[in-house]
Structure formats: structure tokens, C-alpha cells
Amino acid sequence: QVQLVESGGGSVQAGGSLRLSCAVFGNTFSVAYMGWFRQAPGKGHEGVAAMNLGSDSTQYADSVKGRFTISQDNAKNTLYLQMNSLKPEDSAMYYCAADYRPYAGLWSSGARYNYWGQGTQVTVSS
């Protein structure tokens, strides 16, 4: 079993930065692929970024390319999402997700992941 705990959310003005963290607990060796999703009120679940932990290959939504960076710290069993040049439309609840399969389906589909965190709120004011 795997548990995911997000942190780092908060309120920031447009143009600012935040770094989200997702700590992985439990059977950490089984986790091969992780991603970040977000959901704003009244909107659907959106894949933001994802990473293959073995190859370090990454994927990003077009809306965040060039502004967000996903990374991992193996020693700390932690996934990060560095968010720069934040916009009001980035405001949402952000969730991290994990899966034991390194290659399985579309990275931005929630169905691809087996484990989810509880979320951390990001609010960007104009």
C-alpha cells in the first residue's frame, strides 16, 4: 500500500511562485510513475504534469509548459511541482497521484493511477 501526502499550497499573487511537495509513504519501491492533477470549482479533473520515476521522462499540459516543473527526490521519497509565473487560472485543488506501472495509458487520465493524495489548495489572485 502507498500513501501520498501533499503540502506547499497557499495563496499567492499572479506572477508568483509556489512549490508543491508530495511525500510517498508505505511501499515506496513499488511506485514507478507519478503525476500532478488539479481541479477548480465547477471544472473537471485536469492532468498537469507527470513523471516516469525510473527514466525521469516528463509530461506537461500545454497550459503549464514553460512555467511548471515536475521533479523527484529519491532520497526523500518526494515528488515536487515547482510552479512559476502563476496565473489566476492556475487556482485549484492540486492532487498528486501514483502508480506501480511505469508504462500504462495516457498520463493525463486519472484512471491511469492507483493512489491519490488528499490535495492541497492553490489560490492565485490577480
Side-chain angles (χ1 to χ4, degrees):
Q1 194 72 354
V2 170
Q3 295 82 42
L4 306 175
V5 179
E6 301 101 331
S7 61
S11 297
V12 65
Q13 289 192 326
S17 298
L18 284 173
R19 188 178 78 159
L20 305 184
S21 299
C22 176
V24 183
F25 299 95
N27 191 7
T28 60
F29 293 104
S30 70
V31 176
Y33 201 90
M34 296 189 70
W36 287 98
F37 285 75
R38 65 187 180 187
Q39 186 165 23
K43 295 189 177 181
H45 223 205
E46 178 188 14
V48 176
M51 170 179 270
N52 181 307
L53 302 186
S55 68
D56 281 340
S57 65
T58 58
Q59 303 284 345
Y60 293 94
D62 288 343
S63 58
V64 306
K65 279 180 181 176
R67 300 189 298 122
F68 290 12
T69 303
I70 189 171
S71 63
Q72 62 171 321
D73 185 329
N74 289 328
K76 296 182 178 180
N77 293 319
T78 300
L79 182 78
Y80 299 102
L81 185 68
Q82 177 67 43
M83 305 187 295
N84 298 329
S85 302
L86 283 162
K87 305 175 181 180
E89 52 263 42
D90 293 319
S91 297
M93 183 72 80
Y94 282 70
Y95 301 88
C96 75
D99 193 55
Y100 58 87
R101 300 164 297 177
Y103 305 101
L106 189 62
W107 71 269
S108 57
S109 170
R112 191 247 188 269
Y113 301 86
N114 292 108
Y115 307 104
W116 292 83
Q118 81 290 348
T120 185
Q121 179 68 41
V122 171
T123 302
V124 185
S125 58
S126 57

Result of checking Asn77, Thr78, Asp56 against Gln72 for side chain to side chain donor-acceptor pair (under 3.5 Å)
Asp56
Is there side-chain contact between Thr69 and Tyr80, with heavy atoms separated by less than 4.5 Å?
no
Using a 3.5 Å distance criterion without hydrogens, assess whether the side chain of Tyr60 forms a donor-acceptor pair with backbone atoms of Ile70.
yes
State whether the side chain of Ser57 and the backbone N or O of Ser55 hold a donor-acceptor pair below 3.5 Å, judged by distance alone.
no
Taking the six-membered ring where the residue is Trp, are the ring centres of Trp107 and Tyr33 under 6.0 Å apart?
no
Report yes or no: does Ser109 contribute a side-chain atom to a donor-acceptor pair with the main-chain N or O of Leu106 at less than 3.5 Å?
no
Report the distance from atom CG of Leu20 to atom CH2 of Trp36, rounding to the nearest 0.5 Å.
4.5 Å
Check whether any side-chain N or O of Glu6 sits under 3.5 Å from a backbone N or O of Gln118 as a donor-acceptor pair, and report yes or no.
yes
Side chains of Ser63 and Glu89 only: does a donor on one sit below 3.5 Å from an acceptor on the other?
no
Kindly say whether Ser7 contributes a backbone atom to a donor-acceptor pair with the side chain of Thr120 at under 3.5 angstrom?
no
Are any side-chain N or O atoms of Ser108 and backbone N or O atoms of Gly47, one a donor and one an acceptor, separated by less than 3.5 Å?
no
Steps toward salt bridge (charged side-chain N to carboxylate O under 4.0 Å, His left out) verdict (Lys65, Asp62):
CA-CA 5 Å; Lys65 279 180 181 176; Asp62 288 343; 3.2 Å; yes
Hydrophobic cluster identity match, Leu79 and Val2, side-chain contacts under 4.5 Å:
yes
Gap separating the OG1 atom of Thr58 from the CZ atom of Phe68, nearest 0.5 angstrom:
14.0 Å
Interatomic spacing from CZ in Arg112 to OH in Tyr103 - rounded to 0.5 Å
10.0 Å
